[in-house]
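Comments concern the structure below.
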Amino acid sequence: MGRPARSRSPAAVPPTAVTDHGATKISFRSRKIVKAPPAKPLTTTAVPPLAPALPALSFLGELAAALRHLHSADPLLSAVISSTEAPTFTSSPSLPAFHSLARSILYQQLAPSAADAIYARFLKLLPSASAAASDAVTPAAVLALAAPDLRAIGVSGRKASYLHDLAGKFAAGDLSDSAVAAMDEAALLTQLTRVKGVGEWTVHMFMVFSLHRPDVLPCGDLGVRKGVRELYKLKALPKPEEMAALCERWRPYRSVGAWYMWRLMESKGAAAKKKKGSASS
């Protein structure tokens with residue numbers, strides 16, 4: 001979450017010689033022997049096995065299995081899970097890979113409200129803006145947008161170049177929605193970070209929130225690192241190798257563990273804000 005045996009052509013079976021034992025008279029008259037053409041061997045077309053669907057947290061029962069595992073694997077995390085509303089990973093189709101990655105680039109290093117506004121203007125700028133948003137954001141449509149057009153809606157020149165590089169790689173066939181969906185985590189990290197402006201963090205977020213992959217640990221995310229420090233009462237922010245060692249017990253559901261680290265820091269921030277408000281009143 002094996003592989004059916006490859007279909008083999010049946011072995012050629014030689015024809016059985018038949019003798020007429022009931023004949024009492026044998027004719028010695030010469031006869032012309034006609035050789036029958038050799039029979040064509042039977043062939044079958046090998047059907048390649050279907051690639052198994054990669055696991056996703058939106059699959060029926062997958063999230064429940066993740067929570068059961070994390071409850072039993074990590075008592076400290078179990079307490080956080082018990083006090084926090086469970087995550088939801090939509091089972092409806094998410095945005096196509098290209099659209100989702102373009103959106104990720106637009107949202108980089110921006111406050112959510114500002115990013116939302118730019119993204120809305122970006123959708124209206126597309127030639128097929130009247131179509132559904134998921135259908136309008138295509139490589140060809142993005143390549144048709146000039147850098148000045150993108151700058152006019154608040155997209156920096158650098159981000160405009162990132163969008164064009166992403167669209168160019170999809171248009172050239174270096175990447176495709178179907179290929180991206182079929183890649184495992186290592187391949188995704190290798191292939192997507194070849195796009196300008198797409199780093200490890202962006203790929204990790206894409207894998208968790210767009211592809212719903214269950215076992216992604218965003219070691220470079222500050223919120224997850226702070227959550228791990230808080231959960232295990234560490235003196236300093238853990239480094240990537242320390243994060244990997246501490247969170248190994250969460251495998252194969254490290255994405256869900258990371259999700260709870262974000263919620264842990266949100267609840268801590270809300271509690272501190274409430275305490276500060278109470279003290280000032």
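You'll find the side chain of Tyr107 reaches within 4.5 Å of the side chain of Asp116, heavy atoms only. The side-chain heavy atoms of Leu211 and Leu54, taken from C-beta on, include no pair separated by under 4.5 Å. Between Phe122 and Leu145 the shortest side-chain heavy-atom distance falls below 4.5 Å. Looking at heavy atoms from C-beta onward, Leu101 lies out of side-chain contact with Leu175 at the 4.5 angstrom threshold.
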Next item on the list: Step by step, work out the side chain to side chain contact (heavy atoms under 4.5 Å, CB included) result for Ser255 and Leu57.
Entry: CA-CA 9 Å; Ser255 298; Leu57 291 167; 4.2 Å; yes
Next item on the list: Carefully, step by step, assess His212 and Phe59 under the rule side chain to side chain contact (heavy atoms under 4.5 Å, CB included).
Entry: CA-CA 9 Å; His212 306 150; Phe59 287 0; over 6 Å; no
Next item on the list: Decide yes or no on side chain to side chain contact (heavy atoms under 4.5 Å, CB included) for Lys159 and Leu150, but give the supporting numbers first.
Entry: CA-CA 9 Å; Lys159 280 190 180 180; Leu150 289 167; over 6 Å; no
Next item on the list: Kindly indicate, with the supporting measurements, whether the criterion side chain to side chain contact (heavy atoms under 4.5 Å, CB included) is fulfilled by Val142 and Phe170.
Entry: CA-CA 11 Å; Val142 172; Phe170 270 80; over 6 Å; no
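Partners of Leu234 according to the side-chain contact (heavy atoms from CB on, under 4.5 Å) rule, which considers only residues two or more places apart in sequence or in another chain, are Val228, Arg229, Tyr232, Pro238, Glu242, Leu246. Applying the ring pair (Phe, Tyr, Trp, His ring centres under 6.0 Å) rule to Tyr162 yields no partners; only residues at least two apart in sequence or on another chain are considered. For Asp149, there are no side chain to side chain donor-acceptor pair (under 3.5 Å) partners two or more places apart in sequence or in a different chain. Partners of Ala140 by side-chain contact (heavy atoms from CB on, under 4.5 Å), not counting sequence neighbours, listed by chain and number: Thr138. Remark: Lys268 pairs with Glu230 by the side chain to side chain donor-acceptor pair (under 3.5 Å) rule, at least two apart or across chains. By the side-chain contact (heavy atoms from CB on, under 4.5 Å) test, Ser82 pairs with His71, Ser78, sequence neighbours left out. With sequence neighbours excluded, no residue forms a side-chain contact (heavy atoms from CB on, under 4.5 Å) with Ala182. Taking the side chain to side chain donor-acceptor pair (under 3.5 Å) definition, one finds that Lys226 meets it with nothing, sequence neighbours left out.
Looking at every heavy atom in both residues, Thr190 comes nearest to Arg194 through O-CG, 3.4 Å. Contact detail for Cys219 and Pro240: the closest heavy-atom pair is SG-O, 3.9 Å. Nearest heavy-atom pair across Leu77 and Gly257 is CD2-CA, 4.2 Å. Considering every non-hydrogen atom in both Pro139 and Ala171, the closest pair reads CB-N, 4.1 Å. When every heavy atom of Leu217 is checked against every heavy atom of Ala244, the shortest pair comes out as CD2-CA, 4.0 Å. Minimum interatomic distance between Glu62 and Pro55 (heavy atoms only, all atoms of both residues): OE2-CB, 4.3 Å.
Annotation: salt bridge (charged side-chain N to carboxylate O under 4.0 Å, His left out) contacts involving residues 243-262, sequence neighbours excluded, comprise Asp215-Arg251, Asp215-Arg254, Glu248-Arg251. The salt bridge (charged side-chain N to carboxylate O under 4.0 Å, His left out) contacts involving residues 162-179 comprise Asp165-Lys169, where partners must be two or more places apart or lie in separate chains.
With His99 contributing its side chain and Ala136 its backbone, the two residues share no donor-acceptor pair below 3.5 Å. A donor-acceptor contact shorter than 3.5 Å is absent between the side chain of Ser176 and the backbone of Gly173. Looking only at distances, a side-chain donor or acceptor of Ser83 sits under 3.5 Å from a matching main-chain atom of Val80.
Phe89 and Phe209 have parallel rings, their planes meeting at less than 30° on a 0 to 90° scale where 60° marks the start of perpendicular.
For the atom pair CG (Leu237) and CE (Met243), the distance works out to 9.0 Å, reported to the nearest 0.5 Å. Taken to the nearest 0.5 Å, the CG atom of Leu189 stands 10.5 Å off from the CG atom of Asp184. In this structure, Leu163 CG and Phe98 CZ are separated by 7.5 Å, a value rounded to the nearest 0.5 Å. Interatomic distance, Leu166 CG to Ser161 OG, rounded to the nearest 0.5 Å: 11.5 Å. Taken from CG in Leu63 to CH2 in Trp259, the straight-line distance is 9.0 Å, to the nearest 0.5 Å. Between the CG atom in Leu110 and the CD1 atom in Ile118 there is a gap of 5.0 Å [rounded to 0.5 Å].
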Which atom pairs, one a donor and one an acceptor, fall under 3.5 Å between side chains of residues 200-208 and the rest of the protein, sequence neighbours left out?
unit_1	atom_1	unit_2	atom_2	d
Trp201	NE1	Asp221	OD1	2.7
Thr202	OG1	Gln108	NE2	3.2

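Linking Ile, Leu, Val, Met, Phe, Trp and Tyr whenever their side-chain heavy atoms come within less than 4.5 Å leaves Leu143 and Leu123 in two separate clusters. The cluster map of Ile, Leu, Val, Met, Phe, Trp and Tyr, joined by side-chain heavy atoms under 4.5 Å apart, puts Met265 and Leu231 in different clusters.
Within a 6.0 Å sphere centred on CD of Glu241, other residues, nucleotides and ligands contribute more than 12 heavy atoms.
The hydrophobic side chain of Leu60 is isolated, with no ILVMFWY side chain under 4.5 Å apart from it.
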